[in-house]
Protein chains: 4
Amino acid sequence: MAVQTDTAPDRPEQILRAAMVCFAKRGFHQTSMHDISEEAGISVGLIYRYFASKEAVISAIAEEHKKELQGLLERARCAPTLLESLEILLTAHCCEDQPQMHCAFVVDLFAEAGRNPSIANLVRDVLETGMKGVTEVIARAPEMRNAPHGMKPREVTELIFAAARGSMMRDVLEHSQVSAAERRERQLKVVRQLWRLLFNHANEPALA
Amino acid sequence: MAVQTDTAPDRPEQILRAAMVCFAKRGFHQTSMHDISEEAGISVGLIYRYFASKEAVISAIAEEHKKELQGLLERARCAPTLLESLEILLTAHCCEDQPQMHCAFVVDLFAEAGRNPSIANLVRDVLETGMKGVTEVIARAPEMRNAPHGMKPREVTELIFAAARGSMMRDVLEHSQVSAAERRERQLKVVRQLWRLLFNHANEPALA
Amino acid sequence: MAVQTDTAPDRPEQILRAAMVCFAKRGFHQTSMHDISEEAGISVGLIYRYFASKEAVISAIAEEHKKELQGLLERARCAPTLLESLEILLTAHCCEDQPQMHCAFVVDLFAEAGRNPSIANLVRDVLETGMKGVTEVIARAPEMRNAPHGMKPREVTELIFAAARGSMMRDVLEHSQVSAAERRERQLKVVRQLWRLLFNHANEPALA
Amino acid sequence: MAVQTDTAPDRPEQILRAAMVCFAKRGFHQTSMHDISEEAGISVGLIYRYFASKEAVISAIAEEHKKELQGLLERARCAPTLLESLEILLTAHCCEDQPQMHCAFVVDLFAEAGRNPSIANLVRDVLETGMKGVTEVIARAPEMRNAPHGMKPREVTELIFAAARGSMMRDVLEHSQVSAAERRERQLKVVRQLWRLLFNHANEPALA
DNA sequence: AATGAATGAGGCTTCATTCAT
DNA sequence: CATGAATGAAGCCTCATTCAT
């Protein structure tokens with residue numbers, strides 16, 4: 001029924017994608033509306049037809065970030081083993097192709113959340129969603145049964161997420177010096193260490 | 001010979017303290033030079049007698065952050081047990097009195113580092129200093145001898161720092177909702193869990 | 001098809017004209033962007049849509065000055081006698097109606113050229129264009145054939161231009177005290193004297 | 001009687017010399033009081049003990065310029081021949097050693113005179129003094145008796161000064177590209193041409 | 001006599017936002 | 001729906017001038 005599906009552009013989507021690129025490159029407050037309009041290939045005024053203000057764009061992006069994270073969660077949930085789930089979750093920020101979340105953007109988002117309550121609420125919401133999902137996955141994991149650490153699933157999740165966020169912050173520092181692939185490799189090593197710490201039997205020898 | 005020690009203000013210090021307050025409250029790019037001058041109780045022009053530019057103020061703060069971290073490291077090195085060392089290191093960002101580093105500021109600093117190479121270098125430098133120090137502490141710790149995880153000291157440090165940074169990011173989200181003391185308590189719990197994971201024998205009972 | 005030719009203002013032109021007025025009145029460095037915007041009846045920001053910076057405005061004016069000089073040159077080239085050519089060239093700065101070059105502005109331009117290499121290049125370019133044109137006019141003039149001074153066309157041009165510039169500098173001193181017409185009259189006298197010196201036989205009687 | 005003649009510095013003189021250097025280098029309005037104080041090796045505040053304002057410094061410099069020009073005039077008056085007098089007068093701006101007048105400064109002075117009436121008065125005064133002196137020299141010159149041009153001494157002076165000023169403006173454009181010696185050489189050629197035009201018998205062949 | 005810390009107005013420039021077309 | 005010209009507040013920074021020491 002819908003005509004011109006390929007010629008009628010989804011303006012909001014187009015704008016958000018452009019904004020995402022700019023935000024990841026320069027941060028929220030270093031990005032001007034003109035930057036976004038240029039990246040999107042449209043006029044400045046048109047942005048205001050779909051978003052009330054620059055802040056609205058930022059919020060919308062945070063919403064999109066939430067959806068991406070939900071998708072990620074879904075993929076993690078479907079992974080055959082717990083280790084693979086964790087690998088998916090913890091290295092998501094390493095692949096910087098596609099409309100994926102760049103680590104610089106996420107760090108900026110948290111920084112913004114520190115001052116802007118509405119962003120903070122959004123980010124908290126995203127985070128809680130993600131953590132609930134992961135907590136479930138972990139609670140169901142057979143590895144948890146023999147885990148020697150005595151931590152509750154939620155506690156494990158907190159630790160995992162903290163490590164993931166911390167790695168993201170680190171990545172930001174080496175953004176242009178290390179390739180995404182290299183970072184991913186390094187990150188995977190850390191995930192496996194964490195996994196071994198958490199779920200392997202203590203007497204199993206480390207393999208590397 | 002120097003009289004009036006109390007009336008002669010240390011302008012650079014005064015400015016940096018004011019800037020720190022503003023940066024923590026609003027972030028670098030949301031803080032105007034006027035904000036800083038007002039917070040410091042001086043005129044805008046006076047800032048420029050001591051700092052060449054706004055960026056110079058940011059860099060100077062980062063330098064100060066480095067010194068604080070070095071002091072923290074010293075204290076951690078002197079702690080009687082490894083667990084106490086880690087507690088000092090990992091919860092430093094929780095006490096927000098005194099000229100201490102606010103977590104919001106640190107997250108903003110990392111975000112800025114993602115785009116500004118000179119800031120990135122500074123932060124990398126600070127980080128490396130901190131990590132070297134902690135790696136030494138860990139390498140010397142008797143707990144490492146019986147550690148079942150097979151990780152090298154540096155690897156352990158990386159994990160610890162990632163968790164610490166990740167916690168800081170989380171803190172940013174709840175800045176005004178949770179008291180520093182509460183956050184500290186929660187954070188200590190995580191540290192102990194991490195410590196147990198890393199250094200305690202699996203069959204040893206948890207302490208706290 | 002283009003309607004409203006009278007309501008659509010040529011912004012760059014409007015800005016340059018306003019800037020010209022301000023620069024002639026106050027000099028480059030005494031003129032603020034606000035002065036220009038006010039003189040043009042527009043907002044400050046709008047200037048930046050058409051010119052990248054204040055310096056760009058100065059350069060653009062210098063370019064326009066070049067074009068005016070080329071027009072002047074054309075008119076001089078078409079004059080029936082050499083004397084008339086010279087009168088056109090040497091008294092151009094006396095009539096301060098129309099979008100013409102004010103002498104105060106030109107003196108300021110040279111002063112600026114003394115420190116700003118990019119302006120210096122522009123002015124040199126303008127000057128060279130003018131001098132080449134005049135040299136040609138002189139070389140072709142029948143008066144040169146019997147000229148007793150033995151100077152090459154280029155040398156004559158240099159002298160003429162020096163005298164013209166020197167007169168302009170003088171004019172600057174009496175800008176508001178003497179009318180343009182008076183200055184022109186006085187200037188014409190000097191031109192004729194120079195002309196007689198250069199091209200008339202000594203025994204020929206003065207004309208004016 | 002005067003003690004410490006060599007240790008007690010003549011502050012006003014010292015300040016003016018420094019200001020002169022700065023003005024020649026950067027122009028009046030690009031020179032800050034701090035620039036001057038630095039060049040003079042004193043504090044900013046001290047300048048205000050001797051001069052009421054920046055404008056007062058500019059005026060004082062113009063006064064000094066007047067004195068220098070008077071000295072120049074004296075030397076020109078003492079020259080054995082008219083040609084030598086003219087050479088002294090017209091090439092003064094070429095030697096840029098000593099506390100002499102730099103051409104960039106003079107052009108800037110005229111530009112300033114175009115807007116600042118008090119400076120304009122000063123410059124006019126200087127100019128008139130100079131022109132009177134030169135007119136006298138010319139009136140007395142034996143060359144004037146046989147001069148074929150029929151110009152009055154004052155008219156000749158006007159022409160000479162115009163050419164001199166015009167040359168100075170030109171010099172400003174090539175300030176850093178041509179050495180003072182080269183400029184002087186070139187300038188001398190022009191002076192001699194002008195002299196020949198004015199005072200040589202028409203039938204004398206040009207030599208150089 | 002001399003210093004230089006301190007002020008604050010003002011200059012250049014950017015940018016979120018509006019609106020006529 | 002779309003454009004982009006236009007606005008003006010605000011940001012960073014400079015600088016003439018003052019004044020306590």
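Every chain is numbered from 1 and lettered A, B, ... according to where its sequence line falls, protein lines coming before strand lines. All figures in this text were calculated on a predicted structure; none of them were measured in a lab.
In the set E:dA6, F:dT3, F:dA5, F:dT3 carries the atom at the smallest distance from any side-chain atom of A:Leu46.
Taking the side chain as every heavy atom from C-beta outward, B:Glu68 and B:Glu63 never approach each other to under 4.5 Å. The side-chain heavy atoms of D:Ile61 and D:Phe105, taken from C-beta on, include a pair separated by under 4.5 Å.
In this structure E:dA20 sits in a base pair with F:dT3, meeting the Watson-Crick or G-U test at under 3.5 Å.
Rounded to a whole Å, the CD1 atom of C:Ile47 is 14 Å from the C1' atom of E:dT14. For the pair C:Arg26 CZ and E:dG11 C1', the computed distance is 13 Å after rounding to whole Å. At whole-Å resolution of the value, NZ in C:Lys54 and C1' in E:dG10 are 12 Å apart. Rounded to a whole Å, the NE2 atom of C:His34 is 8 Å from the P atom of E:dG11. Between the P atom of F:dG11 and the NE2 atom of A:His29 lies a distance of 13 Å, rounded to the nearest Å. Between the CD1 atom of B:Ile15 and the P atom of E:dA6 there is a distance of 9 Å, given to the nearest Å. One atom, CD of C:Glu38, and another, C1' of F:dG8, lie 13 Å apart when rounded to the nearest Å. If you take CZ of C:Phe28 and P of E:dC12, they are 13 Å apart, rounded to a whole angstrom.
In the model, D:Gln30 has no side-chain atom that pairs as donor or acceptor with a side-chain atom of D:Asp35 under 3.5 Å.
Among the atoms of the strands shown, base atoms are found under 4.0 Å from some heavy atom of B:Ser43.
OP1 or OP2 of F:dA6 lies within a sub-4.0 Å distance of a side-chain N or O belonging to C:Arg11. The side chain of A:Tyr48 contributes an N or O atom lying less than 4.0 Å from OP1 or OP2 of E:dT17. At the phosphate of F:dC1, OP1 or OP2 sits under 4.0 Å from a side-chain N or O atom of A:Tyr50.
With respect to B:Glu13 and B:Arg17, a salt bridge is recorded, a charged nitrogen being found less than 4.0 Å from a carboxylate O. Here B:Arg26 does not pair with B:Asp108 in a salt bridge; the nearest charged N to carboxylate O distance is not below 4.0 Å.
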